[in-house]
Structures are given as C-alpha cells and as structure tokens.
*Asks:* 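The structure's right below; bear with me while I get my questions together.
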Amino acid sequence: MLMTSLWITLAGMGIVFGTILALWGLMAALAGLLADKPGAADSPESAPGSRYGLEKHTPTGSARRSAYSTSEDKAKAAALAVAVALAEQETSTARPLPVPPTALVSAWQLGMRTRQMTQKGERVNRS
Amino acid sequence: MLMTSLWITLAGMGIVFGTILALWGLMAALAGLLADKPGAADSPESAPGSRYGLEKHTPTGSARRSAYSTSEDKAKAAALAVAVALAEQETSTARPLPVPPTALVSAWQLGMRTRQMTQKGERVNRS
Amino acid sequence: MLMTSLWITLAGMGIVFGTILALWGLMAALAGLLADKPGAADSPESAPGSRYGLEKHTPTGSARRSAYSTSEDKAKAAALAVAVALAEQETSTARPLPVPPTALVSAWQLGMRTRQMTQKGERVNRS
Amino acid sequence: MDIFVLLPELLKGFTHFTPGNAVMIGVGAALIYLAIAKEYEPVLLLPIGFGCILANIPLAGMTAAEGMMGVLYKAGISSELFPLLIFIGVGAMIDFSPLLAQPKLVLLGAAGQFGIFGTLILAVLLGFPLNQAASIGVIGAIDGPTSIFVATKLAPELLAPIAVAAYSYMSLIPIIQPPLMKLLTTKKERMIRMEYAPRPISQRTLVVFPIAITVVVGLLVPEATPLISMLMLGNLLKVSGVVDRLNKAAQNEIINIATLFLGLVVGATMTASAFLNWGTGKIMLLGLLAFALDTVAGLLFGKLMAFLSGGKINPLIGAAGISAFPMAGRLAARVAQDEDFENFILMHAMGANTAGQLGSVMAGGILLAIVSHLV
Amino acid sequence: MDIFVLLPELLKGFTHFTPGNAVMIGVGAALIYLAIAKEYEPVLLLPIGFGCILANIPLAGMTAAEGMMGVLYKAGISSELFPLLIFIGVGAMIDFSPLLAQPKLVLLGAAGQFGIFGTLILAVLLGFPLNQAASIGVIGAIDGPTSIFVATKLAPELLAPIAVAAYSYMSLIPIIQPPLMKLLTTKKERMIRMEYAPRPISQRTLVVFPIAITVVVGLLVPEATPLISMLMLGNLLKVSGVVDRLNKAAQNEIINIATLFLGLVVGATMTASAFLNWGTGKIMLLGLLAFALDTVAGLLFGKLMAFLSGGKINPLIGAAGISAFPMAGRLAARVAQDEDFENFILMHAMGANTAGQLGSVMAGGILLAIVSHLV
Amino acid sequence: MDIFVLLPELLKGFTHFTPGNAVMIGVGAALIYLAIAKEYEPVLLLPIGFGCILANIPLAGMTAAEGMMGVLYKAGISSELFPLLIFIGVGAMIDFSPLLAQPKLVLLGAAGQFGIFGTLILAVLLGFPLNQAASIGVIGAIDGPTSIFVATKLAPELLAPIAVAAYSYMSLIPIIQPPLMKLLTTKKERMIRMEYAPRPISQRTLVVFPIAITVVVGLLVPEATPLISMLMLGNLLKVSGVVDRLNKAAQNEIINIATLFLGLVVGATMTASAFLNWGTGKIMLLGLLAFALDTVAGLLFGKLMAFLSGGKINPLIGAAGISAFPMAGRLAARVAQDEDFENFILMHAMGANTAGQLGSVMAGGILLAIVSHLV
Ligand code: NA
Ligand code: NA
Ligand code: NA
C-alpha cells in the first residue's frame, strides 16, 4: 500500500512535470508564432486588452501589462505596479458601493483575500 | 369532521402563539445579549446598514432606522418617516427608468402595491 | 416520394398563406378596434414606447416610430431614420464599453450583423 | 396524401376546442388584464394568465409530461424548488430590525393567522375534505410561496385556484382592509401615537437572528423548516454584508426566473376540467373570507394590546400582522396618518408586518404537520 | 504498478485519437475563428465550435450520458427547453409596431418561407428520407431556434449540421442577398419610395397582439404553439411595461445561459462519425440554397405586390420577409438607400422582417404537423 | 385527536434532536462566523455553514432525496455540474498574459503540486484506503472546484470535510505561507529583482491559448478534460471580446448561482454521523499539511531555478505556484516588497500563480486517472 502510494507519487509528479513541459513548449510556440508584426501592435484590434472593456476591472489586466510590456522602462513598470496594487486595495474595500459586476467578481476571489493579507499579512510581518 | 377542524384550530392557534412566544423570548435575548457596547455603535463595522450598500434602496432600511433609533427626538423621526414615505412613492413610479436591480426589487413587492394604495387607498378614504 | 414532397409544398405554402391571411385580418381588426381615441394618444399612458424604458435601446423602437407616425412630414422622417441608422452603427461598435443590458442584447443580434453589413455590404456594393 | 386526409388535420385545432377552453382563455386574458391595467401582482398574475391560455389550446402538448410546462412542473413544483427559491429572494428583501427593536410586536404576527384556521373550518362545513380544506385555509397565510408550498403537499389538484386567490387578493389589501379598520377601531384608537425609542440593533444581532430563528423554528415546527430556512438564508445573505454577489443573485436572477416559471406552470394547471367547477368559486369566496378573518383577528388583538398597554399601542398595527409584506404595514401607517397627519407608526407597523411574515410561515408549517398527521 | 501498466495508460489519449477527431477539432477551431475574426453569430458559433472540440477529445467522457454535455443535452435539448427559453428572450427584443402599423406587409412573411419547401423537395431528390429532408428544409426558416426545435423532433441525428448551417448562413445574409436583389429588381423598382403614414399604435394594441397571436396560431397550427407562445410571452413581458424584472431576466439571464449551453451541447453532437460524411456536405449546400430560395421568393412576391399596388411598394422589402430578424430588414433598407440616399424604407422593411419571423415559426410548425403525420 | 396524540407530535423536533446535531449546528455557526467576521471565503463558507445547520434539524426532510438539498445534490453534485459551472466563471476571471509573457514560469506550476502526493502518502500511512487518501491529497490542489470534482468521483463520503478544509485553509494562505517563506529563503534571495521585459502578447495568442490548452491537456490527461475545458471556455469567452453577454453571464449569473447551491449542498452533507469522527480531524490536519508541503515544494523549486538562473529568479514566486489564485501570487509579491519596497515581482508571481492553477487541475486529473485505474 505504501509502495503503491510512493509509485503514485513518482508517476504522478512525473506526469505533471511532463505535461507542464509540454505546455511550456506550447506556450513558447504560441507566443512566438502568433506574435504581432512590429507596428501592428498599435492597431486597436490586435492590442491585447483593447478588446475587452472588463479588463480595467480584472486583477492583472493584460491591458495594463501591454501598456508597458513594450517598454523597458523599469521605473514606469514599478510606478504602475504600485498603482495597480493600490487600485486593488480600493476595489477590495469598495464592495458596499454598487460596484460593476466584474469588480464584484474581484470582490469575491480577491477582495476579501487582499484585505486579509493587509490585516493578517501585516500582523505576520510585525511578528 | 367539524370537531376535528375545531380541534385543529385550537391546537394550531395554540402552537402558533406558543412558537411566537418562544420567538419573543429569543429576540429579547438576542437584542439584549448582542447589543453594542456604548460608543461601539459609532464604529463603521457595527453600525447596522453601514455594511450593505443596498440598504438605501430597500423598503425599511435599518440604515435609516439606526439613524434615529439612538435619539429620542420625535420630530426628527417624523420628518424622516415622511421622507421615507415620499421616497418610496417615487421608487414605485420610477420603474420605466433603468433603475438599479434593488429598486426593481422594491418595484415588485412594494412598487405597484404602494401605487395601488395611493390610488385605491385614496379612493377608499374619499368615500 | 417526390409527389409527396410536392404535395407537402403545395399544402404547406397554402396553409402558411392561409394562416398569414388570418393574421392580416386579426391585425387589421386589432389596430382598428383598439386604436386610441383622438387626443388620448398624447396621454403618457397610451403613447406606445412611453411605457418601456428599454425602448430607447431596442432596434426598431415604437417610441421612435410613434414620434413621427402621426406626422406626414417626410423630411422629418428621413432625418430621424438617418439618426436611427447612425445610432445603431454606434451601438454595434460600442460593445467594449460597459453598455446597459439591452444595448448588449442588440450587440448580439444586431451589433455584429450591422457591422458585417457595413463591412461586407460595402464590399459588395463596391463590386 | 389527399384533401380528405389533410382537411381534418387542418382543422383539428378547432375540432378539439371546447367551450370550456374558450372560457378559460377568457379567464387567462382577465388575469393578464388585472396584471397590466390594475397592476395586481403583475409578476405573478401575468405569467399565470399566460400559462392558463397555453393550457387551453388543444393538442399543443405543452402541458403534457414531456412538454415544456410538464418539464418545468416536475423541475420546480413537484420538487418544491420554485417557492423556496422565491423565498430566498424575499428574505434578502426583508429588514427585521424594526421587529428586533420592539420584540413584543411579534405577538401580532400570531393573531394575524387566525384566518387560516377560521377558513379551514368554513371549508370543512362547505364539504371540502380535510386536506383540501387545509390547503384553502392557507390562503389566509397571505403569502404566496407559503400557500403554494402547502397546497402542493396537501392538495396539488387545487394549486391553481389557491394561487390565483392568494395573489389576486394580495393586491386588493388596500381595498379589503381600510373598511374593516374603520369599522373595528374608534377614531380615538386610530389616533393613538406610539413612542419610538427602540434600543439600537447591532449588526451582530441582525446576523444571529436569521440563524437562531432557523434553528428554533426548525426544532419547534420541523415541517416549517424548508420555508423558514430559505427565508432566513436570503436574509442572512443580505445582512452578512460579505456576500454581495450572492445577495444580488438571490434578489434578481434566482427570484426572477423562479417567479416567471412558477407563474407559467401554476397557470398551466388551469385546464377547463380542473378549474371550471363550483369548487373554484367556493375557494375564491373562502379566500376572500380568509383575508377578512385575518384582518379582523389582527385588529381585535391589536385592541386587546392597546387596552392592556393602557392605550400605548395603536390597534391599527394589528392589521399589519397578517403578513402581505410590505403592503399591509405601509397601509396601517397610512390609515393612521389619515386620521392625524402628525402620527407616524410606520416602524411599528413594519415590525408587526415582518412578524406576520414569520407567523404565516410557521402557521403554514404547523397546519402541514397536524393535517398530514391526520389525513 | 509497473511501467508496462502505466505506459498505455499514459498514452491512451493519443492511442484513441483518430484522424476524424483531428479533422473535427479543426472544424471546431474554424467555427471559433469565424465567430471571433468574422463575428459570425459569435454567441452561438463560438460555443458550438468549442463543444465540437470537446466531443472529439477521446475518453474525456463529457459527451457520455452522465457527462456534462450529456446532462445538458437531456436537460435542454431533449426537453426542447433551450430553444424555447431563447425565444422568450428574442420575443422581448422584437417590436411589432411597424408591422401593426401596416398589416398588409404580413403577406411578405408568407412568401419568404418558400425556401423551406423548395429545399425539402431538393433534399428528397438527393435521397434524404422525408423526416430528414423536412429538417433540412427548415434551415430555410432562417431562424435558429425554429430549425433546432423542428430538427430535434424530426431528425435529431442531423441537429449539428443543421444548426451550423442555420447560424453560419445567417451571418452571410449581407453577402447572399444583395446580388439577388440587384439581379431580380430593376433600378427603377429599387428606387420606389413608400409612403409612411401608419395609424398610431395604441399600447392596448401592442399588449393584445401577442396574446391574440398565441391563441389564433395555436388553434390554426397546434404544433407551432410552443415556439410562437414563448416568442409572444417574451414580447408580452416587454410591452406590458409592468414586469420589467421579468423582461430583463428574459433578455439577459435566461437567453444568455440558454444560448451558451445550447451552443455547447449542439457542438458536442459533432463527433467525427456523425459529422464527417457526404450528408453533411449536402446539408450545407442545401442550406445555402434554402437561403437563396427564400430571398428569391420574397423578392418575386415583392415585385407582384409592387405591380398590384401600382408601384406603391418597393419590392426590396420582400427580401426582408425571410426573417433573419433584424438583419434582413436593415439590409433591405440599406440597399434601397444605396440607390437613392433620400429613400427611407426602414420601417416598411422592419414590418416585413417581423412578419417573416412570424411566418418562419408557423411554417416550421406546419411542416412539423404534416411530416410527423406522414412519417 | 386528543392531547396524548398531539404532545409527542409537538415535541418530536426535540425528541429526535441528538447531541451530535447540537455539535454540528455549532460547527455550522462557527463556519458562518469565520465567513462573516474573518471573511474566510464567505461566498462558500457561509452557504456551507448554513447547509450544515439545515442538515442537523431533525425531521426537516430537506436532505432527503426528494427534499430541496437532495434535489440540488442530484442536479449539481452527482452530475458534477456545479464545480464545472464555477470553473467557467473562474476562467473568465483569469488573465494568462503574464504567464504567456514568461513561459518558463509554468514550471513552478508543477512543483506546487507535490503537496497532493505527499499528503496522499501520509493519508495512506494513517490508514485511509487509497480512494479516500487520494481525495484527501487533492486538498493540496488548493483549488476548491478541483478538490470537490475529484472527491465526488473517488470518495463522495468525504466531500464535506474535504471542501471545508480546502476553503478554510485557502483563506489562511496569508498566515500559512509567510513563515515558510522567511524560513526557507535568505533575505538576499527575497531581495532578488527580476527583469520584466516580456514579449508583447497579441490578442491572437490570448485567443488560441485556451483552445490549445484544452486540446493538449485533453489528449495528455483525458480525465482532466472536464475541469480544464470549462476553465478554458470561460477564459475564451472573455478574451474573444465578441461575446460579452456570455462572458458576463459566466462571471455573474452562472458562477453565483452555482456557488450558492454548491455551498448549501456540500454543507447539507455534514450530518453528525458523517462528520463527527476521527477521520474528519485527520483530514483537517492532513489538509493543513498539504498546503504546507505545496508551499515548501514550490519554494525549494524556486530556489533551484534561482540557482540555475544564476540569481535571476526570486524564489518567492515559487510559493505562488500552488495556485490559490490570485491570493498566493499577490502575497509573494507583497513579501518581496516587504524586504525591499522598490522590488516589484507582481507580474512574475501572477505568472507562476496562473501556472499553479493549470498545474492543480492537471494534477487532479492525473491522480483521478491513476487511482481510478488502481481502485
Ligand atoms: Na398571514
Ligand atoms: Na423564414
Ligand atoms: Na495546487
């Protein structure tokens, strides 16, 4: 019985890593093959995020990402990341107001969690 | 058969009153045991209604209640009650506009009923 | 087998036309019997469209219709039709924004179709 | 396939159409008229009326077991799912704080249920068997889902007339009650002003209340558990303040869809054979009586409390104990204001009104317990 | 558990993968491409395409009776619930006032159905049995839910290709119709201006209309009752103006959920064995023909009305009688405007278009009646 | 009907009430307390707690097969519909572009699954049969729907404790992970800054990704297809940008209703007999271990990648590979910022986090495949 479970662990983790490696290849291929030709990236159609209006609400918006993914400017990225973080904090505490559906969505998975983090997280860090 | 139904009435109303008495005790206990310590009532968490943003729409909002439940000022209560009544009249007739879900909710149970009251009620009162 | 299908066609189209004729009579009767008495048409209740707030979004709004159905002024009708057409074009491309439900509704049946029309339609017309 | 085969096929709709069908289609149209022109509980009477019309179109097969209405009946009525889902939404719309602020008002929620039992007695006298008489009595709960839930269990064959009575009269409250109020109370009584200095209600209390009610009522009246628990679940979703998306779903998606289908399916049971008989007439009559008896009992008990409290309680709020939330509550406050514009008893009336909602559900469960025990 | 047991277990997905599966996954991807890149009825073609992919992943078991797709198929297709729920939402989006203002336009809704029967004949000639031929013909209803409803009853085995044809060509209307319009009408005809001085339509009329239609069509064509009644119920919810929450539920929750699941489940029937055969090809071809025949018949009947009315009617609106609401209507108005920018026939075209919607549903019901009578 | 018949009838609720019921009602209340006061996954723990209370009210009959909970269990759990519907909504809320921008991060999604298997071994050592041990292990997927989906198939009798553990600990991530992070990583490692110069991701890529994942994972791990495909369907609805109404339905109506009912029904399985035993205690303990093992494995693998990459990768993002989307990702970024406020690894952490979501689903499917093959 123990042997079996060890076998399962070996086989299981093996297959997990195998499958994940396959996905790595897949993603590398996709991101390579389907990348936008230079310049095209600016056209409203192909710019990721520009198609979905919800993006502005969702936790990690490719809209935001693509905003600086093309530039190497670290500081800008940092500033943005902070803005994002703050924005999320607000979202999480904005529940009482009649927020748009997607914000409520975040309120679910991310809202209360982010808040817990602020609370507990700090508690932990203080210790 | 008639006897049976009389028995049912006796037993039924008896049990109803019995159960209701139990609830009376329960509520008295709850309201007593779980009352906010003085001062705490001001904290955003414990102030009833402050937690739900819908309150502003719902028929009899504890938000409004708690607003004057702590004060003895009758006149204030009166003024508020009027405001509430008027507000509800409006809600009930505001249906055609794209109202928020909760207002629609009232529109269901309270909207048309309030309106009927105004109509029929008055008709009755005039007679 | 072929005879049967010819029979079905004959009978089928016959019944379709028969039923449609019945509907014609029905509609003529309805529109006649239930027409508003002159003057009444101005009262907010009986003016079609005034009852539903959604109208402003729906493709062919009787609200708009009734607006000029009573006047013979062609030019006005024309101007309105254009406005309508343009409005619809916008609706169809406004999807990315958080649009009200009904607008989304159009976005479904009419949005992308209208757009296709503009695209393909023009392509065709140019040819 | 020649014309002699085709013709009867063409006219089968008419050849199977009975005068009864015609009458029932008229009834359906009348319900829709009341829903639209008079705005009598439109969200329910409109679908009921439309379902009634569908049930009386011959050979349409929608009410067959595998037809749309048959499928929905099985999914939502036989399973009792629809009334319970509606209760989740209703619970999310009720605010119990006026009641919690003045617990003694809960007694009015008991008195307002007498109509249920009074009507049961009359129904028995009119010759209805006990299970049917009880189902008819529950029209006196003056709470649609409760009536439907109990009728489905005791006498599903009477579902349609009972639902129609329950919802039609619900809309007539502003016509049924005021005369009785004027008749049974003196101007002096109606002008009684009530102190409003309730203890503040903590959010803790608001949250514990629905849970405690579910457990206590569940232990006292197990048969009432499904109804009371779903009502309290909805209320908990609202007062908890941490599950807004569930709260909104309860107040919208869930209650809207359940209401539309419940109405359609209840209406679809209104076939000529099932509906066109003296029984239906008697039920409509008894239903009206149930509403009146509830109001009278509520008012008389209100007068008793007024007397015992030494004129500190306005008997009008007794009429709000019949449930019919939130209309009866607002109506009582209004009638008081008609006597004396300065007299505001809205919060007391709403307290009695929510008590009536609780009382109705419990009375329904109690009746279910006793009768299913006897039948 | 050694490697020799494990290995086949590891590769079973591939060992069971057939070339047919590969092709069908390609088909699914193509449908998703059309949905996203070309915006061909995306709300339906995207779920259909995704469902098609799911159905061709070996051993996933989602299309088994107890798998997700199997459960949804039983719940929504076998029960015919999904197309009917979609019709409630569609009905709430249709405005019949342009038609009520010009009742004679309803005739165009009959002519536009010829494609159904013309295609049936061709399908029979191509060797399809009658039940299948009829189901294929109903692609000519140019109304997704109608096609699916009829196909489910007469030839469920053809559900997928029929649904795919119906919805793909629906999006091609702007490519299919204009050439035929230009071919069959003279510039002079296309430039005919139409008076627009309809009688004003009272709200009373708008409310009675859906009820009357339900009863009359129900009596004339019982088999069409489910479809027409749900379409009219949705319309009644909208025009009544007193049940906004039900109206909104119909236009959103109900239609959205039904559409998503309908698409997934229809797509999940697209297994290689069921889809990859000459029949599918023939059906796609016949479907295209059905659209063309509808348009031709509509235009010719439009020309006839133009002639009989002494040039008072623009034959282009005949092409709007095929249904495909609301696109065909707007397209006809557009083509007229291309000839003469001052020429506005939008309201007439929409009248014919809504007439086509009614005609399609009735024709579907009539075919169902006749064929189930013969098969 | 005399008092001697009535009395036991009156008190039956109490006479059937067991101490076990009392304890379980306390457990339910505790879960509701955690949901409201501590905001631990309230949308799930609140319904679970309420369902638990309902299941322990004697004679209420709600958990009977024909009772409300029984009906919903059959409709949504036995059919596996609820967790899959929830996944459609979750998928519509995930953004995979941070992962697509840095594909190598996907490896962290594999390491973070070790807890599943480590826990399985411990469960076996504690004497659980294999099917139960595996179900307990899947708590380590740290993804509610996956745990419930697998447990339903392998050991439905353990559904309640597994769901409770999965969702309670999910909320404790901010307490469970930081100490382990501090313990296993040096300050220097935590201060590693990561370049963020990803290739831009085209919309084409975002659209093809969910489709490709469905097919590839479906072929590699057929048992994972239902979960992964619904997750990807939701994501496709969002990124396609052409089916906003379906996207919104997935993110609201569908997920809200499924979540409410899933919670209620899971809670309703918490009867005293099924829940009050040592097994439950062990499961809660093992669940906690699963979370810890996942985190440790993730961190160690992160350190390995940091070493191999020559200090270019911050090992903290390894802790985000356990899934628990999106909290674990944000937590890792936060802890890094606590060391050096200028250090922003949010995008890398979210990439690892979404990889963890994929890894969890696949690991769940793989375990299902292996174990159902052995049992
Ligand atoms: Na009552
Ligand atoms: Na057609
Ligand atoms: Na995991």
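Within every chain, numbering begins at 1; the chains are lettered A, B, ... in the order of the sequence lines, protein sequences first and strands thereafter. These figures come from a predicted structure and were not determined experimentally.
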*Asks:* How far does CE of E:Met62 sit from CE of F:Met230, to the nearest 0.5 angstrom?
*Replies:*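 These two atoms lie 3.5 Å from each other.
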*Asks:* Please classify the contact of E:Phe50 with chain F as side chain, backbone, both or neither, using a heavy-atom distance under 4.5 Å.
*Replies:*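 When you check distances to chain F, only side chain atoms of E:Phe50 fall under 4.5 Å.
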*Asks:* Do F:Leu246 and E:Pro47 come close enough that some side-chain heavy atom pair is under 4.5 Å?
*Replies:*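 They are in side-chain contact.
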*Asks:* With only heavy atoms counted, which part of F:Leu220 is less than 4.5 Å from chain E, the side chain, the backbone, both or neither?
*Replies:*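 Answer is both: backbone and side chain atoms of F:Leu220 are under 4.5 Å from chain E.
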*Asks:* Does E:Phe17 have more than 12 heavy atoms from other residues, nucleotides or ligands lying within 6.0 Å of its CZ?
*Replies:*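 Count over threshold, so yes.
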*Asks:* Out of F:Ile211, F:Leu219, F:Thr225, which one racks up the most heavy-atom pairs below 4.5 Å with chain E?
*Replies:*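 Greatest number of close heavy-atom pairs with chain E: F:Leu219.
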*Asks:* If we define contacts as heavy-atom pairs under 4.5 Å, which of F:Leu233, F:Ile366, F:Ile254 has the most with chain E?
*Replies:*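 So the answer, after comparing F:Leu233, F:Ile366, F:Ile254, is F:Leu233.
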*Asks:* Is any side-chain heavy atom of F:Val242 closer than 4.5 Å to a side-chain heavy atom of E:Glu41?
*Replies:*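 Of all side-chain heavy-atom pairs linking E:Glu41 with F:Val242, none is under 4.5 Å.
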*Asks:* When you compare the side chain of F:Arg245 with that of E:Gln251, does any pair of heavy atoms fall below 4.5 Å?
*Replies:*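 E:Gln251 vs F:Arg245: side chains apart.
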*Asks:* At what distance, to the nearest 0.5 angstrom, does CG of F:Asn252 lie from CG of E:Asn252?
*Replies:*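 Here the interatomic distance stands at 11.0 Å.
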*Asks:* So which part of F:Leu237 gets closer than 4.5 Å to some heavy atom of chain E, the side chain, the backbone, both or neither?
*Replies:*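 Contact with chain E is through the side chain of F:Leu237 alone.
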*Asks:* Quick one: closest heavy-atom pair of E:Gly13 and F:Pro222, and the distance?
*Replies:*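 It is CA-CG, 4.1 Å.
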*Asks:* Evaluate side-chain contact (heavy atoms from CB on, under 4.5 Å) for E:Phe261 paired with F:Leu85, printing each intermediate quantity in order.
*Replies:* CA-CA 11 Å; E:Phe261 291 159; F:Leu85 293 180; 3.5 Å; yes
*Asks:* With side-chain contact (heavy atoms from CB on, under 4.5 Å) as the test, would you mind laying out the steps for E:Glu66 and F:Ser79 before giving the verdict?
*Replies:* CA-CA 7 Å; E:Glu66 67 286 354; F:Ser79 72; over 6 Å; no
*Asks:* Checking E:Ala35 against chain F: side chain, backbone, both or neither under 4.5 Å from a heavy atom?
*Replies:*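 Backbone of E:Ala35 only, per the 4.5 Å heavy-atom cut-off to chain F.
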*Asks:* Under 4.5 Å, counting heavy-atom pairs only, tell me which of F:Ser229, F:Gly365, F:Ser78, F:Ala249 racks up the most with chain E.
*Replies:*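 Heavy-atom pairs under 4.5 Å are most numerous for F:Ser229.
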*Asks:* Evaluate the side-chain proximity of F:Val243 to E:Leu260: yes if any heavy-atom separation is below 4.5 Å, no if none is.
*Replies:*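 E:Leu260 does not reach F:Val243 side chain to side chain.
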*Asks:* Could you check which of E:Asn56, E:Ile57, E:Ile53 has the highest count of heavy-atom pairs closer than 4.5 Å to chain F?
*Replies:*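 Ranked by contacts with chain F, first place is E:Ile57.
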*Asks:* Which answer fits E:Ile25, side chain, backbone, both or neither, if we ask what part of it has an atom under 4.5 Å from a heavy atom of chain F?
*Replies:*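 Just the side chain, heavy atoms under 4.5 Å.
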*Asks:* As an exercise, state the distance from CE of F:Met232 to CG of E:Leu54, rounded to the nearest 0.5 Å.
*Replies:*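 Rounded to the nearest 0.5 Å, the CE-CG separation comes to 12.5 Å.
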*Asks:* With a 4.5 angstrom heavy-atom cut-off, which part of F:Val207 approaches chain E: side chain, backbone, both or neither?
*Replies:*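 Side chain only.
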*Asks:* Quick test of your reading of the model: are E:Glu253 and F:Lys248 salt-bridged, counting only N-O distances below 4.0 Å?
*Replies:*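 No, no charged N to carboxylate O under 4.0 Å.
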